[in-house]
Amino acid sequence: MNGRERILAMLAGDTPDHLPFMPFTMMFAADHAGARYLEYCTDERVHAEAQLQVTRAYDIDHVSVTSDPCCEAADCGAAVKYFPDQPAAIDEARPLLSNRETLRALKPPSPSEAPRMRSRLALIERMKREAGAEKLVEGWVEGPCAEAADLRGLNQLMLDFFDAPEFIGEIFEFTLGMALEFGRAQIAAGADLIGVGDAAASLIGPEFYQQFVWPYEKRLIEGLQAAGGRTRLHICGNTRPLLGAMGRLGSDIVDLDSLAPLDEARAQMGAGQVLLGNLDPVRVLRDGTPASVYAAVAACHRQAGARFIVGAGCEVPRDTPPENLRAMARYAREHSSAAARA
Amino acid sequence: MTTLESMRQAIIGGQAVRTRELTAQALAEGLSPAEVFPGAIVPAMDEVGRRMRACEFFIPQVLIAARAARAAMELLRPLLVDSTVLPAAGKVVCCTVQGDLHDIGKNIVIMMLESAGFGIVDLGTDVAPAQLVEAVRQHHPELVAMSALLTTTMVNMRSAITALEAAGLRGSVKIMVGGALVSQGWADEIGADGYGADAPAAVALARRLVAH
């Protein structure tokens with residue numbers, strides 16, 4: 001099996017030859033290819049080449065378009081700060097929707113015309129062309145809550161949950177619509193799977209999550225699946241209080257950050273949910289040894305059981321020792337999707 | 001229920017307007033700012049911190065509580081400035097480090113430090129070591145609090161400490177660090193004086209560092 005076949009077999013409920021391996025490599029990939037991160041974020045040729053190099057060097061089963069969370073917001077006109085060699089970031093001090101009324105006049109960008117979205121579509125086409133037969137191609141959209149935070153400002157959005165709950169609905173409708181259109185365009189361009197990153201959702205607690213965010217994440221995931229894509233839900237941060245609700249979204253993969261125990265996720269999401277994760281990226285993956293990393297992946301596998309994909313809890317840090325990432329790949333290669341024995 | 005007890009409940013519930021009214025009422029009843037501050041704001045925000053750590057409160061609840069506490073402080077602060085009865089807990093220069101624009105963690109720490117009686121100099125985000133050095137020179141704080149969310153920017157905490165050392169200012173301040181990926185091990189490695197895992201921990205740490 002190649003990487004694409006391996007992941008698709010796992011998602012179809014079949015038994016792949018061994019565990020799939022799907023870590024996020026962003027800055028690690030750029031460094032591996034000798035590229036400056038700004039070019040990785042803004043030049044699809046650099047990005048594609050770096051992904052191809054790093055995934056082939058480390059037996060990673062997919063290539064990914066993720067680079068920074070600002071793609072959609074930048075195309076909406078948000079103030080984004082670009083750095084020479086680290087991810088772009090939203091300028092929180094100058095949010096696009098500092099005035100709630102501004103939302104009414106905001107038009108979602110067209111994926112085929114807006115510069116960063118268009119570049120991502122070109123990246124997917126390139127990766128599909130160059131590696132689509134061997135690697136699964138992963139597109140990406142920001143989830144409704146994360147994108148709303150990018151547009152409104154995270155600090156202000158958190159207050160809006162109390163001050164203007166009706167606005168939360170309005171802005172989530174906007175971000176959902178944009179994510180669906182962008183996600184469908186990525187699927188049409190060749191993405192096999194769409195990652196949904198909804199980082200801000202981990203900050204609001206289970207009640208607001210269930211009331212406000214979950215319905216929009218559900219519609220997003222169902223919409224992407226209806227368009228022929230698989231989905232990978234990733235919410236950065238401590239999602240422990242949200243696990244049950246996340247499991248009811250129906251995402252093909254739930255990719256957990258390291259603060260949420262996989263055994264709790266398995267207990268709350270049931271035996272059928274494919275779980276991905278979730279080594280502590282810094283304290284375990286970057287700062288550990290190959291032996292400790294291998295043992296930590298084994299512990300994740302024991303907790304997650306059979307329906308499991310090897311990965312870190314979030315992005316592989318750029319200064320991770322190569323032998324540590326290889327230890328993860330080796331664990332995946334040496335284990336089937338049967339649950340590891342304690 | 002006494003006015004101070006009502007104030008505490010209003011702050012915990014994030015009722016800024018009600019908190020302001022109760023603060024004015026407490027002052028009208030003859031309570032001094034030096035009684036209102038430690039009698040209502042400090043214990044209310046300590047309770048908010050406790051609920052946050054117990055996963056009973058999340059960021060929206062913490063932010064509206066802090067906003068209510070600020071509403072009280074707006075009335076009290078002018079009176080406290082003239083008061084020698086309640087000395088400030090200490091002065092803290094706060095920032096996110098160079099290259100890091102993620103400020104919600106810093107902002108929450110600031111609000112909770114303020115509510116614990118600390119004076120704050122907020123340098124904002126993406127603060128270069130030279131800016132930090134200048135602020136320490138200008139404001140003479142007891143503490144410097146630095147935040148970073150990313151592994152790529154965490155390293156700039158070390159640069160900031162090095163710059164303070166080079167400027168001969170390291171001995172005059174205690175340095176505390178925080179952020180999602182920061183750890184006690186990292187704080188030790190870069191020569192910081194302490195690490196706060198979350199906002200309540202940062203307040204406890206600040207109190208401890210100032211006391212020593």
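Convention: sequence-line order gives letters A, B, ...; per-chain numbering from 1.
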Contact winner vs chain B - [options], heavy-atom pairs under 4.5 Å:
options: A:Tyr37, A:Phe161, A:Phe162; answer: A:Phe162
options: A:Leu154, A:Leu159, A:Leu259; answer: A:Leu159
options: A:Val282, A:Asn155, A:Asp160, A:Asp91; answer: A:Asn155
options: A:Asp85, A:Asp163, A:Asp319; answer: A:Asp163

**Q.** Reported CE-to-OG1 distance for the pair A:Met27 and B:Thr151, which is rounded to 0.5 angstrom
**A.** 4.5 Å
Which portion of [X] sits near chain B, non-hydrogen atoms under 4.5 angstrom:
X: A:Asp280; answer: neither
X: A:Ile90; answer: backbone
X: A:Arg240; answer: neither

**Q.** CZ (B:Arg207) with more than 12 external heavy atoms under 6.0 Å
**A.**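 For B:Arg207, atom CZ is crowded (more than 12 foreign heavy atoms under 6.0 Å).
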Q. Taking atom CD of A:Glu207 as the centre, does the number of heavy atoms from other residues, nucleotides or ligands within less than 6.0 Å exceed 12?
A.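 Counting neighbours around CD of A:Glu207, 12 or fewer heavy atoms of other residues, nucleotides or ligands fall under 6.0 Å, so no.
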Quick one: does [X]'s side chain get under 4.5 Å of [Y]'s, heavy atoms only?
X: A:Arg318; Y: B:Thr152; result: yes
X: B:Asp126; Y: A:Lys81; result: yes
X: A:Glu92; Y: B:Leu101; result: no

For chain A, which residues of [range] have heavy atoms nearer than 4.5 angstrom:
range: residues 41-69 of chain B; result: B:Phe58, B:Ile59, B:Pro60, B:Gln61, B:Leu63, B:Ile64, B:Arg67
range: residues 154-163 of chain B; result: none
range: residues 175-184 of chain B; result: B:Ala180, B:Leu181, B:Val182, B:Ser183

Q. Which of residues 67-79 of chain A get closer than 4.5 angstrom to chain B, counting heavy atoms alone?
A.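 Answer by number: none.
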Q. Is a donor on one side and an acceptor on the other found under 3.5 Å between the side chain of A:Gln86 and the backbone of B:Gly99?
A. yes
